[in-house]
Amino acid sequence: MYSTIRLYGIWTKMHGSDAMNGSAALVDNANASQSRRVFWDQDVYQLELERIFSRCWLMLGHDSLVPKPGDFITTYMAEDRVILSRQPDGSLKAFINSCTHRGNQICHADSGSAKAFVCNYHGWVFGQDGSLVDVPMEERCYHSDLDKSKLGLAPIRVETYKGFIFGCHDPEAPSLEDYLGDFCWYLDTIWDGPDGGLELLGPPLKSTLACNWKVPTENFVGDGYHVGWTHAAALQMIGGELAGLSGNRADMPFDDLGLQFTMRHGHGFGLIDNAATAIHVKRDGYVKYLEETRGGIREKFGPERERLYVGHWNTSIFPNCSFLYGTNTFKIWHPRGPHEIEVWTYTMVPKNADTETKRSIQREAIRSFGTAGTLESDDGENMSSATYNNNGIITRKGRMNSSMGKDREGPHPVYPGIVGVSFIGETSYRGFYRFWQEMLDAPDWAAIRANDDTWDAMWTNRNFWPERLSAKQAEPQD
């Protein structure tokens, strides 16, 4: 990990006299702004690899992608190649996809089933659990002086939540469930649900996009603002519930269309009420499924989460996993340096829906947010521009604003975390960058845990929701 001296050197290089302020030069929580360097600087990116991607839980896949013993997928944790393998006892193991002999990539297949993984450089053989099990000409060439027990593939912590599989390099990190924290309360609504939860349909669509990894993550974590403008033409073409947002029409009751949420560890989402299927053109099967199951949600979780179940979510799990519930596209933004990402796109479907409904959801998800999707294309152009426009030395000295909805948010009597009054706001932006800054500053997870009781102190309007709900109740009823 980066030492304090190394960190100070990087801050000095980036900020000169501002060096002692550390990441405060990059993120100003009080004024809701971020330096443009967060999307451009190589030094910032290196810090992210060390202090975020090497310490946080990162999405690897889903149980549905490795259903049987011997099944595997290959993926990434930031720029590190990884093998995820289902073990003979049904458990999961993950390890770095790099031979311990000369560093060659061992497995080049995206997925499959294997009893062992063989390096095609010198033939070293690794078991399903990553252990080194055979070396060609071991006795003749190594003279029985090779301790194979110490030459297995570097292991990765693996934990699952409701079938979704995550990996983590840091042994001191909290459990996955603790890392998700209050977000589990929300995720259970859809990942557990009334009818078996969700699964991912793969293999993923893969593409590269010339942008910083945080641009799409912040877009998915809470950018309801762009929907009516960036996607104006597409919404008019699609029609349905969201067509009224096209052009940011002033007659839309934005404060009564949804909410925004942010959690302790930077996870967050925006909710558009009653719009789960809004992006689907052919939706009959999905609408029928939701109507048949929403009663189960109400019975199991209560009316507050039934509201979530029939709404549309734009969501990010810190740091680089995003999904749209309703549209049901599921993304992992694999960083490839500060200015490029590899986008992996799955479709998220109800596990126990009928086959035709699943296929219909997948077709609609690919049409809108697949590699060449209508809405994906709209977003991709903006995400690239938001990154590469900072190559100018003067431009890069500027700052970006994320103050929308500031002070119209706070602790809610029902919903965990900090809740913003509208799905068009930047509550979850501020929550994302608050934790991003904390991760860069903290030397270890002990320092992060020390902030658990005060993490939400930057949201000072503690009475916003009690006062708003009280005023709502006092309004005359029609």
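The shown structure was predicted, so the numbers you read here are calculated from the model rather than taken from an experiment. Hydrogens, waters and symmetry mates are skipped; everything else that's a heavy atom, side chains included, is used.
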OG-CZ distance between Ser428 and Arg434, expressed to the nearest 0.5 angstrom
13.0 Å
Flag the pair Phe318 / Trp436 as yes when their ring centroid distance falls below 6.0 Å, and as no otherwise.
no
Side-chain donor-acceptor contact under 3.5 Å, Asn104 with Ser98:
no
For Phe432 against Thr217, the heavy-atom pair lying closest together
CE1-CG2, 3.6 Å
Does Glu381, at its CD atom, have more than 12 non-hydrogen atoms belonging to other residues, nucleotides or ligands within less than 6.0 Å?
no
From the list Trp313, Trp213, Trp333, Phe330, ring pair (Phe, Tyr, Trp, His ring centres under 6.0 Å) with Phe220 holds only for Trp333
Looking at Arg264 and Asp182, is any side-chain nitrogen of the basic one under 4.0 Å from a carboxylate oxygen of the acidic one?
no
Please answer whether the main-chain N or O of Leu151 pairs with a side-chain N or O of Thr100 as donor and acceptor at a distance below 3.5 Å.
yes
After noting the C-alpha distance and the side-chain angles of Tyr289 and Asp354, does the key distance pass the side chain to side chain donor-acceptor pair (under 3.5 Å) rule?
CA-CA 9 Å; Tyr289 175 84; Asp354 63 86; over 6 Å; no
List the steps and the verdict of side chain to side chain donor-acceptor pair (under 3.5 Å) for Tyr429 and Gln34.
CA-CA 10 Å; Tyr429 268 46; Gln34 300 82 38; over 6 Å; no
Centroid-to-centroid, Tyr121 to His101, below 6.0 Å?
no
Asp378, Asn382, Asn219, Asp379 screened by side chain to side chain donor-acceptor pair (under 3.5 Å) with Thr230, the one that passes
Asn382
Is a donor on one side and an acceptor on the other found under 3.5 Å between the side chain of Gln128 and the backbone of Ala114?
yes
Expected output: side-chain Gln260 to main-chain Gly270 donor-acceptor under 3.5 Å:
no
Counting the benzene-type ring for Trp, do Phe183 and Trp191 have ring centres under 6.0 Å apart?
no
Donor-acceptor pair, distance only, cut-off 3.5 Å: does the side chain of Thr387 make one with the backbone of Asn212?
yes
Donor-acceptor pair, distance only, cut-off 3.5 Å: does the side chain of Arg51 make one with the backbone of Leu440?
yes
Quick one: closest heavy-atom pair of Pro194 and Ile297, and the distance?
CD-CD1, 3.3 Å
Any salt bridge linking Arg55 with Glu50? Criterion: basic side-chain nitrogen under 4.0 Å from a carboxylate oxygen.
no
More than 12 non-hydrogen atoms from neighbouring residues, nucleotides or ligands closer than 6.0 Å to CG on Asn391, yes or no?
yes
Given 3.5 Å as the limit, does a donor-acceptor pair link the side chain of Ser368 with the main chain of Glu364, or not?
yes
Would Glu356 and Lys358 pass as an ion pair if we require N to O under 4.0 Å?
no
Stepwise, does the side chain to side chain donor-acceptor pair (under 3.5 Å) test hold for Glu139 with Ser144?
CA-CA 5 Å; Glu139 291 186 7; Ser144 302; 5.1 Å; no
Within 45 degrees of the axis of the six-membered ring of Tyr76 and under 6.0 Å from its centre: does Arg336 put its NZ or CZ there?
yes
Phe269 ring center within less than 6.0 Å of Phe261 ring center:
yes
Does a side-chain N-to-carboxylate-O contact under 4.0 Å join Lys162 and Glu199?
no
Does Arg430 offer a backbone N or O that forms a donor-acceptor pair with the side chain of Ser402 under 3.5 Å?
no
Quick check, are the ring centers of Phe301 and Trp185 under 6.0 angstrom apart?
no
Has Arg283 got a side-chain atom pairing as donor or acceptor with His280's backbone, closer than 3.5 angstrom?
yes
His267 and His265 aromatic ring geometry - parallel, tilted or perpendicular at 30°/60° bounds:
perpendicular
CZ of Arg363: more than 12 outside heavy atoms within 6.0 angstrom?
yes
Charged N to carboxylate O under 4.0 angstrom, Lys206 versus Asp110?
yes
Please check if atom CG in Asp147 has more than 12 non-hydrogen atoms from other residues, nucleotides or ligands closer than 6.0 Å.
yes
Taking only Lys NZ, Arg NE, NH1 and NH2, and the carboxylate oxygens of Asp or Glu, determine whether Lys300 and Asp192 approach each other closer than 4.0 Å.
yes
Can you find a side-chain donor-acceptor pair between Ser33 and Arg399 that sits under 3.5 Å?
yes
Please report the shortest heavy-atom distance between Ala116 and Val125, naming the atom on each side.
CB-CG1, 3.8 Å
Are Tyr325 and His312 near enough that their ring centres are under 6.0 Å apart?
no
Salt bridge check: are Arg86 and Asp63 linked by an N-O gap of less than 4.0 Å?
yes
Which class fits the ring pair His231 and Phe369: parallel under 30°, tilted 30 to 60°, perpendicular over 60°?
perpendicular
Salt bridge or not for Glu291 and Arg294, using N-O below 4.0 Å?
yes
Could you grab the distance from atom CZ of Phe435 to atom CG of Asn451, nearest 0.5 Å is fine?
9.5 Å
Backbone N or O of Trp124 within a donor-acceptor pair of the His122 side chain at under 3.5 Å?
no
If every non-hydrogen atom of Leu205 is compared with every non-hydrogen atom of Gly370, which pair is closest and at what distance?
CD1-CA, 3.9 Å
Applying side chain to side chain donor-acceptor pair (under 3.5 Å) to Gln437 and Asn29, what does each step give before you reach the verdict?
CA-CA 9 Å; Gln437 178 188 46; Asn29 288 317; 2.7 Å; yes
Is a side-chain donor-acceptor pair under 3.5 Å present for Asn314 with Asp223?
no
Donor-acceptor check, side chain of Ser322 to backbone of Lys331, threshold 3.5 angstrom: yes or no?
no
